[in-house]
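Taking it in order: structure first as structure tokens, then the write-up.
When a residue number appears, it is its place in the shown sequence, counting from 1.
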Amino acid sequence: MNLDFQHEQKRLNGVMNVIADQIVQLESETLKLRNEVVNTRKHFWDEIKVNTDSFDDFLETVISLRQEAQALSVGESTHGHAAKRLATLRRMKSVPYFGRIDFLEEGYSEPEQIYIGISSLMDSNGEDFLIYDWRAPISSVYYDYEPGPAQYMTPGGEVYGNLEKKWQYVIREEKLVSMFDTSLTIGDDVLQQVLGKGTDKYMQSIVATIQKEQNRIIRHDQGRLLIVHGAAGSGKTSAALQRIAFLLYKYRDRIKADQIILFSPNAMFNSYVSNVLPELGEENMQQVTFQEYLDHRLSKDFQLENPYDQLEYVLTAANTSSHNIRVKGIQFKASNQFFEAIKLYRETLEKSGMLFKDVKFRGKIIITAQQLSDTFYGGNTSLDFHSRLEKLKDWLMNQLKEIEKIERFQPWVEEEIELLSNEAYHKIHKYLAKKNGFEREEQGIYEMDHKALVRVIVGLKLKPLRKQIQALDFIDLEGIYKQLFADPLLMQQLLKGEVPEEWEAICHATRQMLEAGKLYYEDATPFLLLQELMQGFQTNRSIKHILIDEAQDYSPFQFEFLKRLFPSAKMTVLGDFNQAIFAHASEVVDFQVLNRLYGEEETEVINMTRSYRSTKPIIEFTRSLIANGESIIPFERAGELPVLTQVKNHTELHRYILSKVSELQGEGYGSIAIICKSAEESKVAFEALNSINGMKLIKSGSAEYEQGVVVIPSYLAKGIEFEAVIIYDASEHVYGDESLRRIFYTACTRAMHELQLYSVGKPNFFIQKALQENLIHFESNS
């Protein structure tokens with residue numbers, strides 16, 4: 001064993017001792033703090049003398065209450081910080097650090113040795129850093145530079161110097177397994193080890209293997225919008241999650257985890273990435289799908305289609321007469337044009353077209369929709385739209401006051417009083433006694449006036465209606481949106497003729513859905529936008545950052561909506577237009593449309609062209625499937641060529657797949673995906689292959705990423721990787737249309753180590769280039 005290695009092992013032993021000592025100290029401290037918090041909670045009211053006899057007594061009570069609450073809050077916060085640090089130290093026990101740089105700062109004669117890990121660690125005296133957090137400014141040198149001149153940015157300005165050496169360490173169970181003196185960005189030996197491993201049910205942190213282009217994403221800190229366009233397997237999602245950890249570290253006094261939202265493709269993906277931030281000692285951000293947000297806002301009024309139902313229709317109904325009309329409708333309703341049309345339509349409502357609902361009380365119409373319309377358009381038309389709505393609301397509330405007076409004399413009121421339970425009667429008695437100035441001990445002698453009881457009963461009955469009026473629920477939003485499709489000429493007038501040829505048929509299909517109480521997925525965001533433009537935006541200013549993964553699946557319309565919804569947030573969007581599988585996706589493979597969202601001066605685009613997920617032969621095959629695929633650079637990781645097997649029929653197909661799964665399991669693969677085009681095809685495959693032990697069928701509602709053998713539709717596999725992938729049927733019959741190229745590419749790029757394709761009959765034409773260039777091994781059994 002060489003002296004360097006012995007010296008490093010000795011240093012590691014010392015670091016492990018410091019970590020062990022700090023763990024023991026913190027375990028004792030957290031236990032003590034926890035007991036103090038529990039005790040404070042238990043005896044909270046014992047320390048407070050409640051006295052409201054005079055204002056001074058009341059003030060003293062309030063101050064005492066505030067002091068105790070503050071003491072409890074400080075105790076809880078201190079315990080929380082200590083517990084969080086303890087969890088980090090326990091994680092550091094297995095791998096305290098992974099890298100080192102020897103950096104000679106300008107003006108100094110000796111280089112400083114900087115060891116880098118998932119968190120900082122001071123020596124036992126609290127004077128020197130034994131380990132620097134990977135997010136610390138100086139740590140960026142490790143990721144960005146080869147030995148030679150280097151610099152890094154601090155709050156005090158740029159620091160210049162020379163990177164003398166760069167080391168990487170592989171540490172397992174407190175032992176130094178290996179160390180590398182490397183002049184590469186990150187030594188390929190370490191990266192090969194990481195990439196060669198299998199998967200588990202969670203995405204892993206990549207801090208030890210961050211590449212230079214990934215580091216740019218993580219530490220990017222200018223403008224409102226960062227767009228990351230990355231090839232499949234380029235590590236864009238991992239880098240973006242480390243970016244969140246970096247922002248939480250850098251701005252820990254300004255931004256908390258619950259002020260960050262990740263919009264992810266589905267619930268299963270949420271489960272898959274849920275481990276990354278906790279692994280780095282940070283709390284998880286909020287995670288939501290755009291569909292969950294739509295459901296929250298619209299599901300009480302409509303039966304709402306989800307994006308996967310929409311996609312399933314597009315993938316399986318290609319031969320129906322309505323398919324082309326629906327696809328054209330999806331594309332148009334996702335466009336910036338339609339966004340502008342909704343805004344223009346709202347402006348036309350200032351002059352005419354507003355629809356209202358009849359206002360009903362106890363099943364009877366008390367104010368008609370026509371009365372509301374006459375009042376809205378008959379008032380002061382010089383006021384702006386929202387002021388007129390407020391005036392209409394005030395008018396309605398005044399009408400309600402008059403109606404309330406009349407209702408007090410109606411027979412139903414006495415019937416309600418007779419049916420009052422003792423409990424309800426006593427509640428009203430107590431309320432009226434207090435209102436009339438009776439103290440608690442005097443309330444028993446209060447004699448309730450019958451008229452007062454009547455007023456309370458009628459007021460309670462009208463309370464829900466008042467709430468509806470305050471919320472502007474008297475506007476017929478559904479009718480107003482439907483009206484947009486009632487006359488096909490209206491859209492042509494709004495957009496000066498720029499509508500699809502199929503617009504009339506699109507209008508007819510949309511009206512049918514709305515009349516059935518249903519809403520197409522492509523109509524959900526436009527409907528919400530129109531609602532917000534009329535009723536006022538429900539903005540959320542507490543959110544400081546939103547992260548949008550699989551951004552190619554979002555329409556320009558949806559981005560505009562999110563921008564308005566979170567006006568104080570910066571945005572990081574990640575995507576790959578080669579995986580743009582939804583029908584609204586443009587043929588143009590870029591994010592140019594997003595440059596307009598905040599303006600080019602507030603926007604930066606980072607392109608990631610190197611792919612790490614798959615072996616080199618798999619990447620060379622998958623990049624042949626798409627235009628400009630040669631721009632994708634494979635990481636040098638050896639592996640077998642993908643295999644395409646042509647079979648005669650489905651019986652033979654299933655026999656081959658059963659045999660292949662058994663073979664892959666025998667080779668030790670723990671995650672094997674049988675990827676189908678659609679949910680419909682997945683169901684057929686699952687039933688035919690049900691003899692595979694423990695196999696699971698993944699559906700759009702699946703909440704957790706599964707290990708083992710899974711059958712999964714192509715669109716649910718997006719964002720996830722598997723050790724081995726079997727493409728169920730890559731035939732021309734299944735993938736015979738150019739529009740399916742991206743979905744086929746997406747399915748194939750999920751494979752890390754093995755890719756096996758089967759084709760019942762002739763293979764699809766996307767594979768022809770790969771066959772000609774011998775990028776795939778072909779076997780025919782038909």
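A salt bridge is absent between R596 and E340: the closest approach of a Lys/Arg side-chain nitrogen to an acidic carboxylate oxygen does not fall below 4.0 angstrom. Between K718 and E550 there is a salt bridge, with a side-chain nitrogen of the basic residue lying less than 4.0 Å from a carboxylate oxygen of the acidic one. Under a 4.0 Å N-O distance rule, the pair E560/R564 qualifies as a salt bridge.
Considering CZ of R388 and OG1 of T375, their distance stands at 11.5 Å, rounded to 0.5 Å. R741 CZ to L625 CG: the interatomic distance, rounded to the nearest 0.5 Å, is 7.5 Å. Interatomic distance, I743 CD1 to Q579 CD, rounded to the nearest 0.5 Å: 10.5 Å. Here E390 contributes atom CD and D384 contributes atom CG; the two are 10.0 Å apart, rounded to the nearest 0.5 Å. A distance of 6.5 Å separates OG of S700 from OH of Y715, quoted to the nearest 0.5 Å. Atom CZ of residue F744 and atom OG of residue S739 lie 14.0 Å apart, to the nearest 0.5 angstrom.
Annotation: side chain of T289 is not in contact with side chain of P265 (no heavy-atom distance under 4.5 Å). At a threshold of 4.5 Å between non-hydrogen side-chain atoms, the residues E681 and L315 do not count as touching. Between D309 and Y521, every side-chain heavy-atom pair lies at or beyond the 4.5 Å cut-off. Contact of the Q552 side chain with the H229 side chain is not registered, since no non-hydrogen atoms from C-beta on lie closer than 4.5 Å. Counting heavy atoms from C-beta on, the side chains of I506 and P500 come closer than 4.5 Å. Between K256 and E283 there is no side-chain heavy-atom pair separated by less than 4.5 Å. The shortest side-chain heavy-atom distance between I675 and Y728 does not fall under the 4.5 Å cut-off. Side-chain contact between V499 and L494 is absent, with no heavy-atom pair separated by less than 4.5 Å.
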Q: Begin with the C-alpha distance, continue with both residues' side-chain angles, and end with the deciding distance and a verdict on side-chain hydrogen bond (donor to acceptor under 3.5 Å, both in side chains) for Y308 and Q291.
A: CA-CA 10 Å; Y308 296 119; Q291 178 64 25; over 6 Å; no

Q. Side chain to side chain contact (heavy atoms under 4.5 Å, CB included) between T348 and L490: does it pass, once the steps are laid out?
A. CA-CA 10 Å; T348 68; L490 175 57; 5.5 Å; no

Q: Take R346 and E350 through the salt bridge (Lys or Arg N to Asp or Glu O under 4.0 Å) test and state the conclusion after the steps.
A: CA-CA 7 Å; R346 210 291 289 144; E350 297 189 11; 3.0 Å; yes

Q. Does the side chain to side chain contact (heavy atoms under 4.5 Å, CB included) test come out yes or no for L519 and L514, once each step is laid out?
A. CA-CA 6 Å; L519 203 61; L514 289 166; 3.5 Å; yes

Q: Evaluate side chain to side chain contact (heavy atoms under 4.5 Å, CB included) for W395 paired with L372, printing each intermediate quantity in order.
A: CA-CA 9 Å; W395 177 82; L372 289 169; 3.9 Å; yes

Q | Evaluation steps, side chain to side chain contact (heavy atoms under 4.5 Å, CB included), between H508 and I325 | A | CA-CA 10 Å; H508 178 71; I325 292 162; over 6 Å; no

Q | Chi angles and distances behind the side-chain hydrogen bond (donor to acceptor under 3.5 Å, both in side chains) call for Y554, T525 | A | CA-CA 11 Å; Y554 288 72; T525 316; over 6 Å; no

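Of all non-hydrogen atoms in Y293 and L565, the two that sit nearest each other are OH-CD1, 3.3 Å. N540 approaches P567 most closely through the heavy-atom pair O-CD, 4.0 Å. Nearest heavy atoms, S335 versus F557: O-CD1, 3.8 Å. Contact record, G353 with Y377: N-OH, 3.3 Å, taken as the closest heavy-atom pair. Residues I469 and M397 approach most closely at CG2-SD, 3.6 Å, considering heavy atoms. Residue V314 comes nearest to H323 through the heavy atom pair O-NE2, 2.9 Å, listed as atom of the first residue, atom of the second, then distance.
Test Y345, F332, W503 against F485 for ring pair (Phe, Tyr, Trp, His ring centres under 6.0 Å) and you get one pass: W503. Of the candidates E515, E522, K482, K333, K333 is the only one forming a side chain to side chain donor-acceptor pair (under 3.5 Å) with T510.
For E504, the CD atom sits in a loose shell: 12 or fewer heavy atoms of surrounding residues, nucleotides or ligands are nearer than 6.0 Å. Counting heavy-atom neighbours within 6.0 Å of H386 NE2, excluding the residue itself, gives a total above 12. By the neighbour-count criterion of 12 heavy atoms within 6.0 Å, atom NZ of K391 is sparsely surrounded, having that number or fewer from other residues, nucleotides or ligands. In this structure, Q303 places its CD atom where only 12 or fewer heavy-atom neighbours from other residues, nucleotides or ligands lie under 6.0 Å away. By the neighbour-count criterion of 12 heavy atoms within 6.0 Å, atom CD of E680 is sparsely surrounded, having that number or fewer from other residues, nucleotides or ligands. Counting heavy atoms of neighbouring residues, nucleotides and ligands inside a 6.0 Å radius, atom CD of E601 exceeds 12 of them.
Evaluation of the salt bridge (Lys or Arg N to Asp or Glu O under 4.0 Å) test over residues 351-376, restricted to residues two or more places apart or in two chains, returns none.
In this structure, K461 is not positioned above the aromatic face of F361 in the sense of NZ or CZ being under 6.0 Å from the six-membered ring centre and within 45° of the axis. Cation-pi geometry between R297 and F527 is not met: the NZ or CZ atom fails to fall both under 6.0 Å from the ring centre and inside 45° of the normal.
No hydrogens or angles considered: a donor-acceptor pair under 3.5 Å links the side chains of Y481 and D523. Side-chain contact of D549 with T237: a donor-acceptor pair under 3.5 Å is present, judged by distance alone.
Using a distance-only test at 3.5 Å, with no hydrogens or angles considered, a donor-acceptor pair links the side chain of Q371 to the main chain of T368. For Q286 (side chain) and D258 (main-chain N/O), a donor-acceptor pair under 3.5 Å exists by modelled atom type.
The aromatic rings of F561 and F290 sit perpendicular, their planes meeting at an angle over 60°, well past the 30° parallel limit.
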